[in-house]
Amino acid sequence: MTAEKQLSSAQSEKAQTKSLLDSVTYPADMRGFSDAELKQLADELRDETVDAVSQTGGHLGAGLGVVELTVAIHAVFNTPEDRLIWDVGHQCYPHKILTGRRDRIRTIRQGGGLSGFTRRAESEYDPFGAAHSSTSISAGLGMAVARDLSGKDNDVICVIGDGSMSAGMAYEAMNNAGDLKSRLIVILNDNDMSISPPVGALSRYLPKLVSSRRYLMARETGKKITEILPPPLRHAAKRAEESARVAMGHGSLFEEMGFYYIGPVDGHNLDHLLPILRNIRDSEHRGPVLIHALTQKGKGYAPAENSADKMHGVAKFDVVTGDQKKPKSLAPSYTKTFAQSLIAEARNDEKIVGITAAMDSGTGMDLFSHAFPDRMFDVGIAEQHAVTFAAGLATEGYKPFVAIYSTFLQRAYDQVVHDVCIQNLPVRFAMDRAGLVGADGCTHAGAFDIAYLACLPNMVLMAPSDEAELMHMVATAAAYDDGPIAFRYPRGEGTGIDLPETGKVLEIGKGRIIKKATGVKDNAIALLSYGTRLEECQKAAATLEEQGHGVTVADARFAKPLDTDLIKQLATQHSTLITIEEGSRGGFGSLVLEHMNNESLLGECRVKTLHLPDLFQDQDSPGKQYEEAKLTAADIIKAITE
């Protein structure tokens with residue numbers, strides 16, 4: 001039977017069964033369901049998630065891995081009074097379907113539609129917004145303490161993936177939770193392993209046992225008894241109890257941090273999940289609890305299960321085959337250009353090493369890893385460690401390239417300041433996703449790196465105007481050993497420009513003139529671009545020249561150090577100077593204005609800075625986002641005519 005016929009047959013069978021999902025608008029609607037009905041609901045929820053994402057694109061594999069967890073949590077706990085926090089939030093599509101947003105799920109990640117992550121403004125069922133990892137336990141503990149201070153008794157449940165547990169912040173929160181002893185439920189969504197058949201029966205039985213009220217009461221009673229024993233006996237009893245816990249659940253680390261550990265448990269089996277969650281809900285245990293759930297990313301959808309990345313982030317796709325409908329690329333992406341350029345430099349310099357923080361494919365460093373497996377280090381979701389690790393390498397004469405999204409480098413700002421810049425170590429920062437990023441919205445937009453790095457002594461900042469310039473900047477960074485250097489580049493395709501065979505080393509702090517104005521100063525306009533808005537500047541220049549203006553187009557290349565000679569030339573030879581950048585206020589334009597003021601150049605011409613607006617822009621297509629930001633050719637022209 002063909003795949004199409006199998007799908008049609010399955011759909012026909014389901015059509016004959018009454019849909020439970022159609023009867024659920026909010027979690028309260030499912031709390032009267034039997035366990036068998038909850039299993040059916042989970043199956044329908046998985047199908048609905050696959051169908052919705054096939055039409056919109058977005059995150060798929062992570063959501064499919066938590067379908068049963070989502071159903072079980074909402075069925076057992078009284079959300080939204082009980083707070084449910086999803087770490088990162090990219091796995092929340094099934095959660096959104098069950099919490100009053102099914103009718104809008106096919107607007108996800110689109111302009112005016114649902115966010116692809118949890119968002120407080122969107123629903124009371126999203127008590128904490130997140131798109132960066134490892135924040136859930138900290139936020140949940142804050143909510144739990146606020147509950148205790150207020151005299152309330154609601155539960156707080158945090159669902160955090162094993163990947164997010166590689167970040168130090170998660171352990172900082174767990175350490176604090178173990179000390180405070182507030183009631184907090186953490187579910188570790190572990191999708192990096194499977195339950196092996198030989199231990200399956202035992203792994204099912206023990207978590208259910210140790211989560212029961214009788215066991216919890218016995219354990220608490222035992223603790224009270226051992227407290228009155230003489231020290232040697234008390235310590236011996238404690239060691240024996242801990243040994244039993246380790247043998248049963250492998251949770252010694254979490255137990256040492258003050259958590260009551262339950263697991264591992266099959267995160268896709270509601271016969272296991274429901275009793276455990278009900279036991280914990282009904283128990284009188286007051287401290288933090290960790291439930292270790294083993295899940296499979298992409299579970300229940302064969303194309304995702306068989307995909308190397310479990311269809312983590314997808315374009316629109318065919319539900320039957322899983323084939324994604326990605327438009328053919330006309331030009332290489334900036335990410336790929338960076339990776340290939342770094343590989344070319346590393347072939348000639350064995351001191352070059354690559355570092356990323358759990359984003360090897362997103363930053364292109366997976367390509368570097370294939371070329372130089374011994375010189376590539378993925379440190380996990382640990383940006384702080386990545387930067388200081390790079391600093392340590394730099395002290396020993398190596399040339400670390402730290403490839404991190406602009407928005408993620410924010411998480412390591414103190415390390416950039418304290419461990420790199422103060423010591424003037426030659427760490428190279430490759431900041432992907434600079435500027436606006438479309439469907440990922442404000443949480444992933446690289447808006448602030450120009451402002452937050454330009455203020456640091458010893459830092460050199462570059463931004464390419466196209467993919468050829470990016471090649472030159474990789475070569476420049478590789479050759480620069482006088483201190484830290486950073487370059488930013490956007491998501492998506494380049495301009496399609498012809499690429500050089502190799503990158504060339506640029507003179508530090510020197511820009512270039514792309515096109516020079518003709519005519520008198522009174523009618524001359526200068527457009528000074530930092531980054532990839534140069535193409536829009538050239539479009540604007542063509543229109544302005546048709547209107548009779550003389551236009552100079554310049555590519556700054558560097559925000560720090562500024563090309564002061566270039567700025568003086570533009571200021572003294574033109575009546576109007578416009579700076580354009582894909583960053584926040586306080587960035588490149590502010591640096592230019594400050595320099596011009598200090599050098600008494602502001603009286604030479606009119607100056608206007610164009611940058612991202614002083615707000616967090618919602619998701620949309622990149623083109624529409626830049627229109628909203630007023631950074632298109634039409635906006636450049638309007639800024640001049642006004």
Side-chain angles (χ1 to χ4, degrees), residues 35-36 38-39 41-43 45-46 62-77 82 84-87 91 94-95 136-137 140 155-165 170 174 183-216 218-219 242 244-255 257 259-283 285 287-300 305:
D35 288 3
L38 290 175
K39 293 176 186 177
L41 178 66
D43 291 340
L45 180 59
R46 177 170 278 108
L64 296 181
V66 296
V67 167
E68 286 79 15
L69 273 174
T70 304
V71 169
I73 292 168
H74 281 300
V76 171
F77 292 96
D82 289 335
L84 173 57
I85 306 166
W86 297 96
D87 204 277
Q91 75 280 62
H95 159 77
S136 59
I137 304 177
D155 276 310
V156 179
I157 307 101
C158 309
V159 182
I160 181 169
D162 56 311
S164 294
M165 290 293 280
M174 293 184 72
R183 179 177 168 89
L184 176 70
I185 300 167
V186 175
I187 299 176
L188 173 57
N189 173 36
D190 185 349
N191 56 32
D192 196 36
M193 61 178 74
S194 59
I195 301 175
S196 55
V199 298
L202 190 62
S203 70
R204 288 194 297 268
Y205 172 71
L206 289 176
K208 189 184 297 185
L209 169 67
V210 300
S211 69
S212 68
R213 176 179 291 187
R214 181 176 298 177
Y215 184 94
L216 286 165
R219 188 171 185 242
E242 287 176 348
R245 293 285 301 132
V246 170
M248 287 193 294
H250 317 292
S252 57
L253 171 63
F254 303 113
E255 289 277 337
M257 299 184 79
F259 276 70
Y260 183 83
Y261 175 87
I262 299 170
V265 59
D266 185 347
H268 295 297
N269 193 323
L270 287 172
D271 288 335
H272 306 166
L273 288 175
L274 290 168
I276 291 171
L277 293 180
R278 288 166 181 155
N279 285 339
I280 294 301
R281 178 196 62 191
D282 298 336
S283 76
H285 180 75
V289 175
L290 185 136
I291 300 170
H292 185 176
L294 301 182
T295 63
Q296 179 183 350
K297 195 172 182 179
K299 174 71 174 178
E305 292 180 352

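Numbering of residues begins at 1 and proceeds along the displayed sequence. As the structure is a computational prediction, the values presented were derived from the model and not from experiment.
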(message) Using every non-hydrogen atom in the two residues, find where Pro94 and Thr70 come nearest and quote the distance to one decimal.
(response) C-CG2, 4.0 Å
(request) List in chain and number order the residues that pass ring-ring contact (aromatic ring centres under 6.0 Å, His included) with His95, two or more places apart in sequence or in another chain; answer none if no residue qualifies. (result) His74, Trp86
(message) To check you understand the geometry: which heavy-atom pair defines the closest contact between Gly140 and Ile85, and what is its length?
(response) CA-CD1, 3.4 Å
(request) Would you name the heavy atoms of Leu273 and Gly267 that are closest together and state the gap between them? (result) CD1-O, 3.3 Å
(message) For Ile185, run the side chain to side chain contact (heavy atoms under 4.5 Å, CB included) check against Ile262, Val159, Ile157, Val156 and tell me which one passes.
(response) Ile157
(message) Would you say that Cys158 contacts Leu184 through its side chain, given a criterion of any heavy-atom pair below 4.5 Å between the two side chains?
(response) yes
(request) Report the distance from atom CG of Leu84 to atom CZ of Phe77, rounding to the nearest 0.5 Å. (result) 9.5 Å
(message) According to side-chain hydrogen bond (donor to acceptor under 3.5 Å, both in side chains), who are the partners of Gln91, at least two apart in sequence or on a separate chain?
(response) none
(message) Testing Leu38, Ile280, Leu277 one by one against Val76 for a side chain to side chain contact (heavy atoms under 4.5 Å, CB included), which residue passes?
(response) Leu277
(message) Please enumerate all residues that pass side-chain hydrogen bond (donor to acceptor under 3.5 Å, both in side chains) together with Ser164, with sequence neighbours excluded.
(response) Asp87
(message) Going by the rule side-chain hydrogen bond (donor to acceptor under 3.5 Å, both in side chains), which residues pair with Lys39 if we only count those two or more places apart in sequence or in a different chain?
(response) Asp271
(request) Determine which pairs satisfy salt bridge (Lys or Arg N to Asp or Glu O under 4.0 Å) with at least one residue from residues 68-77, sequence neighbours left out, and list them in order. (result) Arg46-Glu68
(request) Say whether, by atom type as modelled, one donor and one acceptor occur between the side chain of Asp190 and the main chain of Asp162 under 3.5 angstrom. (result) no
(request) Work out which heavy atom in Leu270 is nearest to a heavy atom in Ala42; give both atom names and the distance. (result) CD1-CB, 4.4 Å
(request) Could you give me the CA-CA distance, side-chain angles and deciding distance for His285 and Asn279, then say whether side-chain contact (heavy atoms from CB on, under 4.5 Å) is met? (result) CA-CA 10 Å; His285 180 75; Asn279 285 339; over 6 Å; no
